[in-house]
Enquirer: 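First, the structure itself, so that you have it in front of you.
We're numbering straight along the sequence, starting at 1.
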Amino acid sequence: MSQGDEPAARVDIPFIDLAPVNQGLKEQVLAQVAQIIDTGAFTNGPAVKAFEEAFASYCGSRFCVGTASGLDALRLSLLATGIEEGDEVILPAMTFVATLEAVEQAGGRPVPVDVSELDYGLDADAAAASITSRTRFLMPVHLYGQMADMRALTAVAERHSLVLVEDACQAHGARRDGYRAGTVGVAGAFSFYPTKNLGAFGDAGALITGDEAIAARARALREHGQTAKNRHQASGYTARLDTIQAAVLLTKLPLLDRWNEKRGRLAAMYDQALAGVGDLVLPPRPPGSEPVWHVYVVRTGRARGLERFLAERGIASGRHYPCPPPLTPAFARLGYRQGDFPVAESLARESLSLPFFPGMTDHQVERVAETVHEFFRRG
Ligand SMILES: *Cc1c(COP(=O)(O)O)cnc(C)c1O
């Protein structure tokens, strides 16, 4: 959510505004928090189980295990699926850093490969070409709310007996080719960070799986490896979903589809208003895909100039992400260099995320679009 190097004097249109969606839920949530305070069930309260059942059913999966964050959901997905020290996990070079963090924290080795121009997801051919005798997992990311090409990726996984785990942290409710985000792999991880399509009032996450044993292992791992009170079967974590966050999520879940539809309408408005402007490349729309538009990302050779121009006119924007994670100092030890991921690197250079949130007004979209036009008119 960076807003450029020189902060704007004022922000008329924020990159994201959570208030329009959250304000209306305030009284309802406060009443539930009061009840949780009264009962003292701050962890493992009834709202946790209720949300897990509701979210599993929303996703079309059998089991859901609530976690403290999306990173925990990813890490527990890998651990519960049986990752072993040194296992290679193929994942996209353009994602949020958490995808790589989860693999390292679970003892695996992240093997980033380039993304596809067609959906900005893990490129199936590049993934297949990176398989070695140590490769055990494929971990696609449904970037920006657009599902990766799971038809091609499941074929690669099947051909090479790899385990598929999905990073669905930006794709609550997305579909493609009859697949639903998070249900294609043996496990799918979601984040409920406040700005995600389904956002808690703090940090939260969940994994979904159709495999009862994986669900049971994840449930134990999130709570110090306990399978029952004081029975510690594995060395685990404190990675539970708080009862208060579960209550928030339970209140918001029934509204998710409506918000996703609103995102779809905003994206269509942007698409129409920005078609053919300058050298702008609009988000790819692969046939058969129903993205949920976590963010609206355009590309241009003049991204930094556009970012500044918007900021000077009170319009904030974001970058997802300014540096491919394998090229950040955090992952320097993996030994990758500039030029290793041409598509991911050009996305990092050329992309700009325009203001985008379910409570955004048509007038705000029009103002952003007009200002983008003005930038390119000036040349
Ligand atoms: C948000 C996000 C995560 C991590 O979620 P946290 O809840 O912040 O831990 C992981 N992967 C992707 C692609 C994300 O966007």
Side-chain angles (χ1 to χ4, degrees), residues 55 59 61 64-81 83 87-106 108-116 119-124 126-127 135-150 152-154 156-157 162-176 179-193 195-199 203-209 214 218 239 289 291-292 294-295 297 320-321 324-326 331 341 344 347:
F55 193 64
C59 294
S61 187
C64 170
V65 180
T67 59
S69 70
L71 173 59
D72 283 331
L74 283 166
R75 184 174 45 167
L76 295 195
S77 292
L78 291 166
L79 290 167
T81 310
I83 192 170
D87 280 352
E88 292 182 355
V89 181
I90 293 177
L91 43 75
M94 182 47 87
T95 178
F96 183 54
V97 287
T99 316
L100 283 78
E101 289 173 324
V103 171
E104 286 203 331
Q105 290 172 15
R109 182 183 166 86
V111 177
V113 307
D114 210 358
V115 293
S116 163
D119 50 28
Y120 300 153
L122 185 59
D123 185 293
T135 307
R136 280 219 31 232
F137 288 84
L138 273 191
M139 198 150 99
V141 178
H142 307 311
L143 199 66
Y144 309 152
Q146 173 77 252
M147 277 185 78
D149 186 353
M150 297 310 288
L153 289 164
T154 43
V156 173
L162 304 179
V163 182
L164 254 179
V165 169
E166 296 170 73
D167 180 339
C169 287
Q170 301 188 359
H172 321 65
R175 293 165 188 256
R176 182 169 176 180
Y179 295 113
R180 299 170 76 168
T183 66
V184 193
V186 294
F190 291 85
S191 165
F192 306 121
Y193 180 77
T195 61
K196 301 287 160 102
N197 292 42
L198 179 62
D203 281 305
L207 64 90
I208 57 172
T209 178
I214 290 174
S289 187
V292 290
H294 174 55
V295 280
V297 177
H320 299 84
Y321 295 88
F331 295 97
F341 312 107
L347 255 180

Enquirer: Return the set of residues passing ring-ring contact (aromatic ring centres under 6.0 Å, His included) with F331 (not counting sequence neighbours), or none when no residue passes.
Expert: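 ring-ring contact (aromatic ring centres under 6.0 Å, His included) check on F331 returns nothing, list empty.
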
Enquirer: Between A126 and V113, which heavy-atom pair has the shortest distance, and what is it?
Expert: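 Shortest heavy-atom separation between A126 and V113 comes out as O-CG1, 4.0 Å.
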
Enquirer: Name all residues meeting the side chain to side chain contact (heavy atoms under 4.5 Å, CB included) criterion together with S116; count only those two or more places apart in sequence or in a different chain, and write none if there are none.
Expert: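 With sequence neighbours excluded, S116 shows a side chain to side chain contact (heavy atoms under 4.5 Å, CB included) to L118, D119, D123, given in chain and number order.
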
Enquirer: Side chains of E166 and H142 only: does a donor on one sit below 3.5 Å from an acceptor on the other?
Expert: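 Yes, side-chain donor-acceptor contact under 3.5 Å.
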
Enquirer: So does S191 get a backbone contact from the side chain of H172, meaning a donor-acceptor N/O pair under 3.5 Å?
Expert: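 Yes; at least one donor-acceptor contact below 3.5 Å.
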
Enquirer: Work out which heavy atom in P110 is nearest to a heavy atom in V103; give both atom names and the distance.
Expert: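 Between these two residues, the closest heavy atoms are N-CG1, 3.5 Å.
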
Enquirer: Roughly how far, to the nearest 0.5 Å, is the SG atom of C169 from the CG atom of L143?
Expert: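 Output value for this atom pair is 11.5 Å.
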
Enquirer: Using the side chain to side chain contact (heavy atoms under 4.5 Å, CB included) criterion, which residues pair with A189? Sequence neighbours excluded.
Expert: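 A189 satisfies side chain to side chain contact (heavy atoms under 4.5 Å, CB included) with A73, L74, S77 once adjacent residues are dropped.
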
Enquirer: Quick one: side chain to side chain donor-acceptor pair (under 3.5 Å) partners of Y120, sequence neighbours excluded?
Expert: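 Here the qualifying residues are R299.
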
Enquirer: With rounding to the nearest 0.5 Å, note down the distance linking CD in Q170 to CG in N197.
Expert: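 Here the rounded value is 8.5 Å.
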
Enquirer: Using modelled atom types only, decide if a donor and an acceptor are shared between the side chain of S61 and the backbone of T209 within a distance under 3.5 Å.
Expert: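 Confirmed, S61 side chain pairs with T209 backbone.
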
Enquirer: In Å, rounded to the nearest 0.5 Å, how long is the span from CE of M139 to CG of L122?
Expert: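 Separation between the atoms: 10.5 Å.
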
Enquirer: Taking only residues two or more places apart in sequence, or in another chain, which ones meet R136 in a salt bridge (Lys or Arg N to Asp or Glu O under 4.0 Å)?
Expert: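 Here the qualifying residues are D87.
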
Enquirer: Would you indicate whether the side-chain heavy atoms of L76 and L207 approach each other to under 4.5 Å?
Expert: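 A side-chain contact under 4.5 Å exists here.
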
Enquirer: With sequence neighbours left out, what residues match A174 under side chain to side chain contact (heavy atoms under 4.5 Å, CB included)?
Expert: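 Testing A174 for side chain to side chain contact (heavy atoms under 4.5 Å, CB included), a comparison that skips the adjacent residues, returns M147, A171, A181, V292.
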
Enquirer: Show, in sequence, the C-alpha distance, side-chain angles and deciding distance for V89 and I83, and conclude whether the side chain to side chain contact (heavy atoms under 4.5 Å, CB included) test is met.
Expert: CA-CA 9 Å; V89 181; I83 192 170; 3.9 Å; yes

Enquirer: Mind checking side chain to side chain donor-acceptor pair (under 3.5 Å) for T81 and listing every partner two or more places apart, or none if nothing turns up?
Expert: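 Testing T81 for side chain to side chain donor-acceptor pair (under 3.5 Å), a comparison that skips the adjacent residues, returns none.
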
Enquirer: So that I know where these two stand, are Y193 and F96 an aromatic pair - ring centroids less than 6.0 Å apart?
Expert: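 Centroid distance Y193-F96: not below 6.0 Å, so no.
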
Enquirer: Distance check, rounded to the nearest 0.5 Å: I90 atom CD1 versus L164 atom CG?
Expert: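 Here the rounded value is 11.0 Å.
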
Enquirer: Heavy atoms only: give me the nearest A93-P112 pair and the separation to one decimal.
Expert: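 Heavy-atom minimum between the residues: CA-CB, 4.1 Å.
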
Enquirer: Evaluate the side-chain proximity of F55 to L198: yes if any heavy-atom separation is below 4.5 Å, no if none is.
Expert: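 They are in contact (side-chain heavy atoms under 4.5 Å apart), so the answer is yes.
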
Enquirer: Apply side chain to side chain contact (heavy atoms under 4.5 Å, CB included) to S289 and Q146, showing your working.
Expert: CA-CA 7 Å; S289 187; Q146 173 77 252; 2.4 Å; yes

Enquirer: Return the minimal non-hydrogen interatomic distance between A124 and V156, and the atom names on each side.
Expert: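 Shortest heavy-atom contact: O-CG2, 3.9 Å.
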
Enquirer: Taking only residues two or more places apart in sequence, or in another chain, which ones meet T183 in a side chain to side chain donor-acceptor pair (under 3.5 Å)?
Expert: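 In terms of side chain to side chain donor-acceptor pair (under 3.5 Å), with neighbours along the sequence ignored, T183 is linked to no residue.
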
Enquirer: List the residues meeting salt bridge (Lys or Arg N to Asp or Glu O under 4.0 Å) with D114, not counting sequence neighbours, and say none if there are none.
Expert: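 Once residues adjacent in sequence are excluded, D114 has no partner under the salt bridge (Lys or Arg N to Asp or Glu O under 4.0 Å) criterion.
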
Enquirer: Kindly give the heavy-atom pair with the smallest separation between M94 and Y321, and that separation in Å.
Expert: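 Closest pair (atom of M94, atom of Y321, distance): CE-O, 3.5 Å.
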
Enquirer: Check whether any side-chain heavy atom of P326 lies under 4.5 Å from a side-chain heavy atom of L100, and answer yes or no.
Expert: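 Yes, at least one pair of side-chain atoms sits under 4.5 Å.
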
Enquirer: What's the separation between atom CZ in F190 and atom CD1 in I208, rounded to the nearest 0.5 Å?
Expert: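 Answer rounded to 0.5 Å: 4.0 Å.
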
Enquirer: Applying side chain to side chain contact (heavy atoms under 4.5 Å, CB included), can you list everything that pairs with Q105, at least two apart in sequence or on another chain?
Expert: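 Here the qualifying residues are L71, R75, E101.
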
Enquirer: To the nearest 0.5 Å, what is the distance between CD (E88) and CG (L162)?
Expert: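 One finds 10.5 Å between CD of E88 and CG of L162.
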
Enquirer: Identify, with sequence neighbours excluded, every residue that meets salt bridge (Lys or Arg N to Asp or Glu O under 4.0 Å) alongside D167.
Expert: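 D167 satisfies salt bridge (Lys or Arg N to Asp or Glu O under 4.0 Å) with no other residue.
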
Enquirer: What residues, two or more places apart in sequence or in another chain, satisfy salt bridge (Lys or Arg N to Asp or Glu O under 4.0 Å) together with D203?
Expert: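 In terms of salt bridge (Lys or Arg N to Asp or Glu O under 4.0 Å), with neighbours along the sequence ignored, D203 is linked to no residue.
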
Enquirer: Is there a donor-acceptor pair under 3.5 Å between the side chain of T154 and the backbone N or O of M150?
Expert: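 Checking the backbone N and O of M150 against the side chain of T154, a donor-acceptor pair under 3.5 Å is found.
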
Enquirer: Could you walk me through whether L91 and V111 pass side chain to side chain contact (heavy atoms under 4.5 Å, CB included), step by step?
Expert: CA-CA 6 Å; L91 43 75; V111 177; over 6 Å; no

